[in-house]
Amino acid sequence: MAELTVSSKNPAGAKVDALVVGTHTTSDGVAIVGGDLPRPVVAALEHLAPALGITGAADEVRKLPAGPELKADVLVLVGLGARRADGTFSAEALRRAAGAALRALAGTASVAVALPVEDEAELGAVAEGALLGAYAFARYRTDEAATSAASRLPATVEILAGSARSSAAKAAVERAKVVAAAVNATRDLVNAAPNDLFPAAFADVAKQAVKDSGAKGLKVTVLDDKALAAGGYGGLVGVGQGSARGPRLVKVAYAPSRPAAKVALVGKGITFDSGGISIKPAKGMEAMKSDMAGAAAVLQTVVAAARLGLPVAVTGWLCLAENMPSGTAQRPSDVITIRGGKTVEVLNTDAEGRLVMADGLVAAVEEKPDVVLDVATLTGAQMVALGNRVSAVMGADDVRAEVVAAADAAGEQFWPMPLPEELGASLKSKVADLANIGDRFGGMLVAGLFLQEFVGETPWAHLDIAGPAFNEGSAHGYTPVGGTGVAVRTLLGLVEGRAQR
Ligand code: BES
Ligand code: MN
Ligand code: ZN
């Protein structure tokens with residue numbers, strides 16, 4: 001990751017390759033904001049903006065020669081959109097602008113960012129946005145041109161802000177570094193090719209991530225296929241049995257001394273979802289390498305909580321399997337037994353996520369956490385309902401509201417969805433306790449109702465991130481193409497909130 005510092009120096013004097021300032025749309029044109037640039041520079045830019053086609057819209061990035069009044073070589077104008085009624089910008093608008101600017105600055109060694117920052121929270125948002133925008137995935141590139149263009153990320157990013165030296169500012173920036181590292185590591189996992197990232201390899205990544213974090217109180221436990229069979233984890237065994245590379249359940253526990261609360265996180269980790277015997281169409285199947293985004297987010301949230309030393313016990317459960325068709329794969333009509341004893345008739349092997357998550361939820365709930373949250377790229381129906389930018393959250397009303405509030409504060413979009421009891425009837429099986437599919441309409445809610453059967457009385461929410469986890473369109477704000485790292489910021493914010501309850 002880029003080396004990030006904060007200083008209260010004047011932007012005009014910043015000796016960097018590129019200086020980033022904000023633009024925003026006004027009723028009669030464009031205004032420049034962020035740091036006091038010399039008045040004539042501002043006046044000239046604002047005057048010329050229309051002729052240069054600069055509008056101040058979000059995601060607009062323009063590079064100009066900085067001119068003799070500035071010590072920087074290049075001046076980068078990044079759009080913040082319109083100001084709010086009170087004249088300020090939301091933390092998320094700042095985060096996105098910083099991200100868009102840094103995304104456009106691959107190949108630029110030193111960058112200074114001067115955006116209108118009023119408090120520590122906004123400083124943290126700019127720092128986060130910058131580090132999230134300065135992301136590239138070059139693991140598989142070997143050609144010189146590609147590696148240099150894609151991965152020559154800015155080496156240094158200096159944020160210019162008046163309040164730079166306060167201890168609150170320092171803490172906000174330290175937190176931003178941990179958060180961005182967690183989100184970027186989640187992206188790396190999602191982008192990894194499924195021939196490299198299979199369940200056992202993912203388990204190894206979890207162990208390594210814990211080691212590398214240097215954080216105290218972290219412990220990883222791995223159940224392999226034999227242990228899963230012995231432990232009655234019929235969902236993981238059933239889904240994983242079609243693959244030559246067996247399933248794993250990884251427990252990543254962060255246990256501080258005298259925790260204020262105990263949170264369990266369960267993540268869907270299907271390292272590749274071919275659909276199994278109910279095989280998916282070839283078109284678009286490659287995106288199913290991202291079907292482990294929930295597990296990746298859970299792993300990195302636990303590591304981040306530990307790195308921040310939060311006074312909350314957080315246990316992550318990574319439900320890892322590869323869903324493949326083969327002579328050993330489970331069949332439509334197989335009946336499996338989830339841990340804890342409930343039986344499920346597998347009518348569609350492509351509804352595999354709920355099977356591995358059921359095992360994970362039962363395991364999580366056995367340890368009596370105060371709350372359990374599960375995160376999964378669970379249904380195509382999520383994308384039909386909410387698209388690729390907005391995730392869904394279902395579950396107990398209060399936990400669901402807590403997730404929405406944490407997401408709003410973190411700058412992620414989660415929308416509350418219901419779990420209508422009547423829809424649950426469609427999950428009835430002719431032979432077992434439950435079927436793994438029900439009504440097609442409301443398919444996201446049906447999947448949520450299925451999971452609800454496995455959480456008992458524990459306060460619970462289910463996060464369906466199917467669309468937002470993997471960006472198949474173009475990059476925007478601080479969001480790259482491919483793995484996005486969604487849910488990490490929301491989950492971490494929720495855990496922090498639990499420390500204060
Ligand atoms: N992993 C998919 C859901 C998914 C689809 C995530 C597209 C991201 C993008 C999941 O395992 C799945 O296949 N769900 C089926 C369920 C159906 C068979 C009830 C679906 O949504 O079609
Ligand atoms: Mn599937
Ligand atoms: Zn899946």
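Treat the numbers as computed from the prediction; the structure is a model and nothing was measured. Every number for a ligand or one of its atoms is a count from 1 in the order of the listing.
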With rounding to 10 degrees, what does the angle Lys268:NZ / the Zn ion (ligand 3) / Glu352:OE2 come to? 90°

Hey, is the main chain of Gly483 close enough, under 3.5 Å, to the side chain of Asn191 for a donor-acceptor pair? yes

Side-chain (Ser290) to main-chain (Ala287) donor-acceptor, under 3.5 angstrom: yes

Strictly below 4.0 Å, N to O, side chains only: are Asp59 and Arg103 in salt-bridge contact? yes

When you look for protein heavy atoms under 4.0 Å from ligand 1, which residues do they belong to? Lys268, Asp273, Lys280, Met288, Asp291, Asn348, Asp350, Glu352, Arg354, Thr377, Leu378, Thr379, Gly380, Met383, Ile437, Ala466

Determine, for Glu128 against Arg96, whether the closest basic-nitrogen to carboxylate-oxygen distance falls under 4.0 angstrom. no

Nearer than 2.8 Å to the Mn ion (ligand 2), the protein contributes N, O or S atoms numbering 4

Considering the options Asp397, Leu373, Leu494, which one meets the side-chain contact (heavy atoms from CB on, under 4.5 Å) requirement together with Glu402? Leu494

Ion pair present between Asp374 and Lys268, side-chain N to carboxylate O less than 4.0 angstrom? no

Give a yes or no answer on whether the side chain of Asp433 reaches the backbone of Lys428 with a donor-acceptor pair at less than 3.5 Å. no

Run the salt-bridge test on Lys430 and Glu345 with the 4.0 Å N-O cut-off and return the result as yes or no. no

Does a salt bridge link Arg248 with Asp224, judged by any charged N lying under 4.0 Å from a carboxylate O? no

Does NZ or CZ of Arg84 come closer than 6.0 Å to the centre of the six-membered ring of Phe89, within 45° of the ring's axis? no

Atom name in Asp291, limited to N/O/S, at shortest distance from the Zn ion (ligand 3): OD2

Does Val393 form a side-chain contact (heavy atoms from CB on, under 4.5 Å) with Trp415? I'd like the steps, not just the answer. CA-CA 6 Å; Val393 52; Trp415 198 256; over 6 Å; no

Could you check which N/O/S atom of Asp273 is closest to the Zn ion (ligand 3)? OD2

